[in-house]
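Written below as structure tokens is the structure these notes are about.
Each chain gets a letter, A, B and so on, in the order the sequences are listed, and its residues count up from 1.
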Amino acid sequence: MMTPRPDLAPDATLSRGEMETLQREIADVAVFADDDPPLEPETLSNPLAATSTGGEPPIVAGVDQSFLLDSDDSGDEDGGTDDRALSAVVAMQAGEVIERVFAVTPLEIPYIPGLLSFREGRPILDALEELSVEPDLYLFDGSGRIHFRQAGIATHMGVVRDVPSIGVAKSLLCGSPREDLENLPAGTTIPIEATDRVDAPEGTLLGYAVQTKQYESSSRYVNPLYVSPGHRVGPETAAEVVLALSEGYKLPEPVRLADSYATEAKGEVVDGGE
DNA sequence: GCGACAG
DNA sequence: ATCTTGTCGC
């Protein structure tokens, strides 16, 4: 059954300790395993692939943020700023973009490693509210279970909306790779396991380093992505989904398009706004 | 005091 | 994240 948890939405007015407590609560209700009828990675990118249920191809949404920063110290009476965050969402189905939306909200707190969702969560939830289609899966820029309290931004957003979600990060927040990550061939996945800094038994599988792209014969190397379950998706499926959606580029297509749309929409806001 | 960590 | 030039490789 679908049970959204708006009561667990990020609240920037909470104290740091309260935010961390909320994250433990979120990790507690999060499901780091596949849904019963699990999603089939191959059906996300291949329009012709038959789904086991024979229904419509699944809808995947990529979510990414850009920022409108003032960097102007004048007029900031009470220490606050006019900086804003813009969250962009690109929904795709059978390899085609079917909808794009975005939302802008004021930035209330600074970036603090481990508390990213409290800074960027509001615009994301607002943007998701604008969506007319209902994605079967969401890919967020940032961590899911690879997080000190197992509640990265992908997990937080996934639990609040109770939708399947995956975290796609470009650098490793915590956890330890089971093998070296130097110059891996495309398609390689290396387990990332919990260390003593993570709220999970040491050795717990948190996610995978996923090499979506690599140069053939050169002196230039591509770094892997760090993929982890957000909610209602297991680590293996999360890695497979990212590989299936990353044809030709390092980032999976929905996230790559959300990234460029976030930049594009920022321009529209700047000239149309005050 | 040291550690050092998504975007 | 954001601010930017140049350099590399396809």
Whole angstroms only, please: what is the [atom1]-[atom2] distance between [X] and [N]?
X        : N      : atom1 : atom2 : result
A:Arg149 : B:dC5  : CZ    : C1'   : 11 Å
A:Tyr221 : C:dC10 : OH    : P     : 13 Å
A:Asp259 : B:dG7  : CG    : P     : 11 Å
A:Ile112 : B:dC5  : CD1   : P     : 16 Å
A:Phe148 : B:dG3  : CZ    : C1'   : 11 Å
A:Ile124 : B:dA6  : CD1   : P     : 16 Å
A:Ile109 : C:dA1  : CD1   : C1'   : 14 Å
A:Leu172 : B:dA4  : CG    : C1'   : 13 Å

[X] side-chain proximity, nearest of [options]:
X        : options             : result
A:Ser171 : B:dC5, C:dT2, B:dG7 : B:dG7
A:Ile153 : B:dA6, B:dC5, C:dA1 : B:dA6
A:Ser143 : B:dA6, C:dT2, B:dC5 : B:dA6
A:Lys266 : B:dA6, C:dT2, B:dC5 : C:dT2
A:Leu116 : C:dT2, B:dA6, B:dC5 : B:dA6
A:Leu173 : B:dA6, B:dG7, C:dT2 : B:dA6
A:Tyr111 : C:dT2, B:dA6, B:dC5 : B:dA6

As a quick check of understanding, evaluate ring-ring contact (aromatic ring centres under 6.0 Å, His included) for A:His156 and A:Phe118, giving each step before the final call. CA-CA 9 Å; A:His156 199 158; A:Phe118 289 88; 5.5 Å; yes

Find out whether the Lys NZ or Arg CZ of A:Arg100 is both under 6.0 angstrom from the six-membered ring centre of A:Tyr261 and within 45° of the ring's axis. yes

NA contact type, A:Leu115, heavy-atom cut-off 4.0 Å: base, sugar-phosphate, or nothing? base

Stepwise, does the side-chain contact (heavy atoms from CB on, under 4.5 Å) test hold for A:Leu86 with A:Gln65? CA-CA 5 Å; A:Leu86 185 160; A:Gln65 287 68 246; over 6 Å; no

With no hydrogens and no angle check, just 3.5 Å: does a side-chain donor-acceptor pair link A:Glu253 and A:Ser246? no

Between the side chains of A:Glu18 and A:Ser15, does any donor sit under 3.5 Å from an acceptor? yes

